Every structure is written in C-alpha cells, then in structure tokens.
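See below for the structure under consideration.
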Amino acid sequence: MAATNRAWIFEHPPVGDDFDSALKFRDWPMPEAADGQVLVKNLYLSLDPANRRWMAGPTYMPQIPTGAPMWGFVIGEIVKSNAPGFAAGDIVGGVGTWSDYSAVSTQGLDKIPDMGGLPLHAAVGLFRGPGGTAYVGVVDIGQLKAGQTFVVSGAAGSVGSLAGQIAKILGATVIGIAGSPEKCAWLTHDLGFDHAIDYQREDVEARLRVLCPNGVDVYFENVGGAVGNAVAANMAKFGRIAVCGLTAQYNADRAPVGLDIMPLLLNGCTMQCFILYDYLDRLGEATAKLAEWYGAGRIKYHADIADGLEHALGAFKTLFQPGAAHKGKLMVRIDPSAN
Ligand SMILES: NC(=O)c1ccc[n+]([C@@H]2O[C@H](COP(=O)([O-])OP(=O)(O)OC[C@H]3O[C@@H](n4cnc5c(N)ncnc54)[C@H](OP(=O)(O)O)[C@@H]3O)[C@@H](O)[C@H]2O)c1
C-alpha cells in the first residue's frame, strides 16, 4: 500500500490565540525531495513557543508560506535522498513540517547519532535547542558564578528546567517560577531547585524579597509580562538578565506594556537578549557538558509526549496556558513505533 501523508496546513497568521482557524489538519500530497533535499518520514515533532512567533511574520526564520504545511523541528528517518552525504535510513533532525513526511534541504539538518540509553526524542528535547539554549543563557549570557542567586521563569518548561539544573551544578542558589503547585513540587523535589514560586497563586515580588534578601544576581527570563517585572524589581546590584523568551507576550497582537527598567537602572544591571542561532559555535561544548552531567545523574530530562500528529495543535495550545499539565519538553510522537 502506498504511504499517505497528512499535514497541519498554515492557513494564515493567528489572531491572538485563535489557532483553530490558523491551522487545519488535512490529507496532503506526498512531498517530493528536489535536488539537494531528502524526504523524511517524521517520527517526532517538537512543539515550541517560538513556533507562534514564526507564524506572526519573519523572525530569524523567513515567513512561513500560507497554504502549506506548518514548520517545526522534527526527528525523522530519511526514506529518499537526493543530497550528497545523506542516505535512506539515516536518522536526522532539523526544521521540517507538521506532517507525516517532510521534504527538507540538508542545510541545518543533523544526523542523529546513536542515543545510547536515551530515547530518540532527547536529541531535540535535551541536546541542541533546549539544552543549548539553557547552557548559553546561564554560562555565556548570565555569566553565573558559584554562590550567586539564580532565578528562572518558565522553570518547569523545557529550557527553564534545564537552565535551573545547570545553575545548580554551577553552585548557585536556584529559584524557579512556574504555574502550578505540581510543577513547583517537581522543581524542588525532583530537580533539586532550592525554592519554587507558583506565580499563579503567590506574590512573586514579595516572595523573592524574602528568599533573596541580597537580590537576584542572574535572572533567566523565559516568559516576560508580570513575572518579568516582579523579578526585575528584585535584582541585585550589577545583576544580569538573560532574556531568552517572552512566552506570556507571544499571543499579543499589539506590543504589551514592557519591562519596567527603573530598578535595573538603579542597580546598574545588564540585560542581554539572545537567540541560540547566534551561538551555534557553543553547541559542541553545551552538548558535551549536558551528556556528561546526564550520564553522571546530575541532570534529569523529562518529556511529555502527545501521541498522534492529529493531536499536535491541541498540545501546542497548552504551551500558552499557564499551569498546563505538561512538564519539561513537549513533543508529538508522529510514528507510533518511534522509541
Ligand atoms: N532565545 C532562544 O534562542 C530560545 C530558544 C528556545 C526557546 N526560547 C524561548 O524560551 C522560552 C521557553 O521555551 P520552552 O520551549 O522551554 O517552553 P516551555 O517553558 O516548555 O513552555 C512554555 C511555558 O510557559 C509558561 N507560560 C505560558 N503562558 C504563560 C504566561 N502567560 N505567563 C507566564 N508563563 C507562561 C507555561 O508554564 P507554566 O505552567 O509554568 O506557566 C508553559 O508551559 C520561550 O519563550 C521560547 O520561545 C528561546
């Protein structure tokens, strides 16, 4: 029987959080690999808040074409190669499409090595994107030192859970901010964070004043909005803010009221935004360190997996729901046989 293809089609940029009209699930013609491309049978799809900004217009990625499958990071197996250096059977990861099959250029496509004891999705969920971003944000941008106080928002998410664990390994006191009692308990009981604050039920600014009497030395910003302002009000003298993401603001149609930088001025703080694509030369070190720490049991990796491509959009929406149940990396298993 010939293979069939299904895809989430990007109809138009969403208005606010109206994803149901922006993306439609359809049977879709099997893509063909042009010269220099490979045809990939997708095994896993990574769901990332950044996908929402890609939908809004050009970013560090070009505009996603309308009337074609939505873009996302995938892990898959090459079923046909028209590109030198890649062969049928290779397991690869890179930007593909929300579909059963993707025809992709090999530029930026990585061959995924044997993962040892780790599940295949860790190639995208632990290493590369989330792990690389967490490592660069803590080490290069945050310039965290042992003995400092480190705060991370979106702490129970993919990047935040790794950033907090890295900061702990580097000798910091680590405080995570997350959206439910369950997530906060996971951070302190399972991941070794020193404290966790439930921003939906607690006064973040007041709790930080108590937990950090000398202020926050390094803040890893993942969400922005009210949480970002509550941390900014508690920064230490010469503190550093590594701005990684602003999830709370991604669905806003207009620029929201921004960060109050008065406390940053008064404390001589440094705020630096960063995009991992500008630090790809740091991925080698990040991957080696993460592998070493994971192997030594010093870092835990958790992924929540939605089974079935048809559930991709429902799972994606939960990235923007404060307190939604998933923890760590959110992925879709497209091929039920993927490990
Ligand atoms: N700069 C880079 O190169 C780079 C690379 C990767 C990711 N990022 C960014 O890093 C951030 C984290 O990414 P991720 O993949 O790890 O996502 P994630 O944290 O796994 O998922 C998003 C989480 O954000 C929280 N959230 C949603 N709406 C919120 C709101 N209104 N206020 C506060 N928190 C809210 C939710 O957790 P709670 O239940 O705890 O609220 C949600 O689970 C994103 O902004 C992403 O775009 C940047």
Side-chain angles (χ1 to χ4, degrees), residues 16-17 45-56 59-61 72-73 95 121 124-138 140-142 151-166 175-187 191 193 196-202 204 219-231 241-252 256 271-280 282-283 286 301-306 315-331:
D17 62 359
L45 168 69
S46 171
L47 297 175
D48 300 284
N51 299 157
R52 173 64 181 88
R53 293 320 298 171
W54 299 359
M55 293 177 197
T59 52
Y60 46 87
M61 306 278 283
F73 293 105
V95 177
H121 51 74
V124 163
L126 171 57
F127 304 116
R128 301 212 54 88
T133 304
Y135 188 86
V136 167
V138 174
D140 296 60
I141 314 297
V151 172
V152 56
S153 55
S158 162
V159 175
S161 61
L162 294 171
Q165 293 183 83
I166 293 169
I175 300 164
I177 303 174
S180 73
E182 294 75 20
K183 287 180 170 176
C184 287
W186 183 60
L187 296 176
L191 301 191
F193 284 42
I197 303 174
D198 179 347
Y199 72 93
Q200 297 219 86
R201 291 163 187 80
E202 299 180 81
V204 176
Y219 174 42
F220 194 116
E221 170 71 289
N222 276 322
V223 302
V227 169
N229 275 322
V231 185
I241 300 182
V243 181
C244 171
L246 299 169
T247 307
Q249 304 173 198
Y250 286 0
N251 287 332
M271 182 166 73
Q272 186 177 345
C273 306
F274 72 103
I275 292 290
L276 182 63
Y277 279 123
D278 297 322
Y279 294 85
L280 294 179
R282 299 288 290 137
L283 274 181
Y301 165 65
H302 176 82
D304 271 359
I305 311 285
F316 178 72
K317 289 180 192 171
T318 67
L319 290 171
F320 305 99
Q321 292 164 2
H326 70 267
K327 298 191 287 290
K329 184 76 197 90
L330 186 58
M331 309 279 295

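Read the numbers this way: they start at 1 and go in the same order the structure lists the ligands and their atoms. When reading the values below, keep in mind they use all heavy atoms of this one structure, side chains included, and skip hydrogens, waters and symmetry mates. Owing to the predicted nature of the structure, the values given are computational and were not obtained by experimental measurement.
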For ligand 1, which is the ligand I care about here, please tell me if [X] has any N or O atom under 3.5 Å from one of the ligand's N or O atoms.
X: G245; value: no
X: V159; value: yes
X: F274; value: yes
X: Q321; value: no
X: L276; value: yes
X: T318; value: no

Has [X] got any heavy atom lying under 4.0 angstrom from an atom of ligand 1?
X: L246; answer: yes
X: G323; answer: yes
X: A50; answer: yes
X: A324; answer: yes
X: Y250; answer: yes
X: P130; answer: no
X: I275; answer: yes

Return the closest protein heavy atom for [atom] as residue, atom name and distance.
atom: atom 35 (C) of ligand 1; result: Y199 OH, 3.4 Å
atom: atom 48 (C) of ligand 1; result: C244 O, 3.1 Å
atom: atom 19 (O) of ligand 1; result: G157 CA, 3.3 Å
atom: atom 15 (O) of ligand 1; result: P49 CD, 3.4 Å

Atom [atom1] of [X] and atom [atom2] of [Y]: how far apart are they, to the nearest 0.5 Å?
X: D198; Y: E182; atom1: CG; atom2: CD; value: 8.5 Å
X: H326; Y: L47; atom1: NE2; atom2: CG; value: 9.0 Å
X: Y135; Y: L283; atom1: OH; atom2: CG; value: 11.0 Å
X: L187; Y: I177; atom1: CG; atom2: CD1; value: 10.5 Å
X: Y301; Y: S158; atom1: OH; atom2: OG; value: 7.5 Å

Could you check whether R53 pairs with D48 (Lys NZ or Arg NE/NH1/NH2 to Asp/Glu carboxylate O, under 4.0 Å)?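 Looking at R53 and D48, the cut-off is not met.
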With a 4.0 Å cut-off on N to O distance, would you call D304 and K329 a salt bridge?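 No, this pair does not count.
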Aromatic ring pairing F220/F274, orientation class (parallel under 30°, perpendicular over 60°, tilted between):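 It falls in the perpendicular class, over 60°.
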Centroid separation F316 to W54 less than 6.0 Å: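 Between F316 and W54, the centre distance exceeds or equals 6.0 Å.
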Can you check whether [Y]'s main-chain N or O pairs, donor with acceptor, with [X]'s side chain at less than 3.5 Å?
X: N222; Y: S153; answer: yes
X: Q249; Y: G225; answer: yes
X: T318; Y: Q321; answer: no
X: Q272; Y: I141; answer: no

Atom of M271, atom of V243 and distance for their closest heavy-atom approach: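 Minimum heavy-atom contact is CG-CG2, 3.6 Å.
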Which atoms form the tightest heavy-atom contact between A50 and Y60, and what is the distance?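 In terms of heavy atoms, the two residues are closest at CB-OH, 3.5 Å.
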[X] contact mode with ligand 1 (heavy-atom cut-off under 4.0 Å):
X: L319; answer: both
X: S153; answer: neither
X: T247; answer: both
X: K183; answer: side chain
X: H326; answer: side chain

List every atom of ligand 1 that sits less than 4.0 Å from any heavy atom of G179, numbering the atoms from 1 in the order shown and giving each element.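 Reading through ligand 1 atom by atom, the close ones are 38 (P), 39 (O), 40 (O), 41 (O).
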What atoms of ligand 1 come closer than 4.0 angstrom to any heavy atom of A178?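 The list of qualifying atoms is 40 (O).
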Out of [options], indicate the one that has the non-hydrogen atom closest to [atom].
atom: atom 5 (C) of ligand 1; options: V152, V223, T133, L330; result: T133
atom: atom 31 (N) of ligand 1; options: S158, A252, A248; result: A248
atom: atom 12 (C) of ligand 1; options: L47, V243, N222, L187; result: N222

K327 and S161: side chain donor to acceptor below 3.5 Å: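 No, no side-chain donor-acceptor pair sits under 3.5 Å.
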